[in-house]
Every structure is written in C-alpha cells, then in structure tokens.
Amino acid sequence: MRALLSIDYTVDFVADDGRLTTGHAGQAIEQRLVDQTQSFIDAGDFVVFAIDRHDPEDHYHPESQLFPPHNIAGSSGRALYGSLAPLYEAQKNRENVYWIDKRHYSAFSGTDLDIRLRERGITEIYLTGVCTDICILHTAVDAYNLGYRLVIDADAVASFDAVGHEWALRHFEQTLGAKIIAKEE
Ligand code: ZN
C-alpha cells in the first residue's frame, strides 16, 4: 500500500506575495503536483495534506528566530495554493483524504501520521510539495528512520534555493535510498 504526502503547498510558500515563497520554482510544479494528487485519490491511495500551522505569538517555536511569520492559523497565507485548493475542497470528505496540521518541518513531528500510515498497511510514501531541502527533506529523513520506502517526484517538489533542491534530490537517492521519478517516465 502507498500514500502520497502533499506538503506545504500554500499561498505563503508559493504565491508571489507569500511570506516565505518559493516563487516561480514552486509555481512551476503546480500542474504536476495537482495531477499526481488527483491520480492517487482516484486510485484509492491514501493522500495526506501535511500543512504547516503557526500561531503568531508562539515565541517558543524555534522557527520564530529563523523565518518571518508564515502559515499563520486562519490567515489567507495558509490556504492551499492555486488549483490544489479546489481539488482539496472537492475531495476532502473522501475516506482516503486526510489533513494534518504540522508545527515542525517534518510531517511526522508531533503528529499521528505514522499511526495513520501503519493502520492502513502503508509501506511506501510519495513526497510532493515544498520546500525540497526543508520540509520534504525532514519528512523524508523521518520516514527513512521509520522504515518506509520513499519515492520523490522531482517534478512535484521545489525550493527557493536551487542548490539546496539539487542537493536534497541527491541525498534522497544516494543516502535515503529513495526512488526519484520525473514527468518523462
Ligand atoms: Zn513553518
């Protein structure tokens, strides 16, 4: 069994005026990310939207020292970006679609993701979203340590940092044993 994780593809991380945006790189993966998400949902695979959620007054959070406020609970910046938003709205009541509010980079950190995957017998995780070298990377490392097989869709992940993006793709393949797929295949 397999699952697709859709990570942080929100206005703040993708739109031109997002608070912590990947800009063009993030916008360029929209169609591929949406197509992959829809095909997993249609196939009955488990699809998890793991989305950053911060509180403006959370001064204990380490990210408050590192990044400007982003993905604030209830803000328009936390909305899913582009055509992923209507897709989620249309599909969110399906049994195989699940939303997780995450507080750290990794979708596993402080969430019930591992339990949700294990109870469905899922052993393989497809990662999509942003940023390749931050939230995708930390989620991939945790998944690796928990024994999941990883597939990274190189055309459905992006970063504001092109060097970090390329480094992370190499790390997924060479160090985490991930399979890297792309549009052409
Ligand atoms: Zn964050």
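Quantities reported herein were computed from a predicted structural model and do not represent experimental measurements. For ligands, and for the atoms within them, numbers begin at 1 and follow the listed sequence.
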Tell me which N, O or S atom from [X] is the closest to the Zn ion (ligand 1).
X	answer
His54	NE2
Asp52	OD2
Glu63	OE1
His70	NE2

**Study point:** Metal check, the Zn ion (ligand 1) vs Asp8 N/O/S, cut-off below 2.8 Å
**Key:**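 False for Asp8.
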Practice item. Output yes if His104 passes the N/O/S-under-2.8 Å test against the Zn ion (ligand 1); output no otherwise. Key: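 Given the 2.8 Å cut-off, His104 does not count as a ligand of the Zn ion (ligand 1).
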Less than 6.0 angstrom separating the ring centers of [X] and [Y], yes or no?
X	Y	value
His104	His138	no
Phe40	Tyr126	yes
Phe49	Tyr98	no

Review point. Among side-chain atoms of Ser159 and His165, is any donor-acceptor pair under 3.5 angstrom?
Key: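 The answer is no; no qualifying pair exists.
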Exercise for review: Report yes if some heavy atom in the side chain of Glu124 is under 4.5 Å from a heavy atom in the side chain of Tyr148; otherwise report no.
Suggested key: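 No - every pair of side-chain heavy atoms lies 4.5 Å or more apart.
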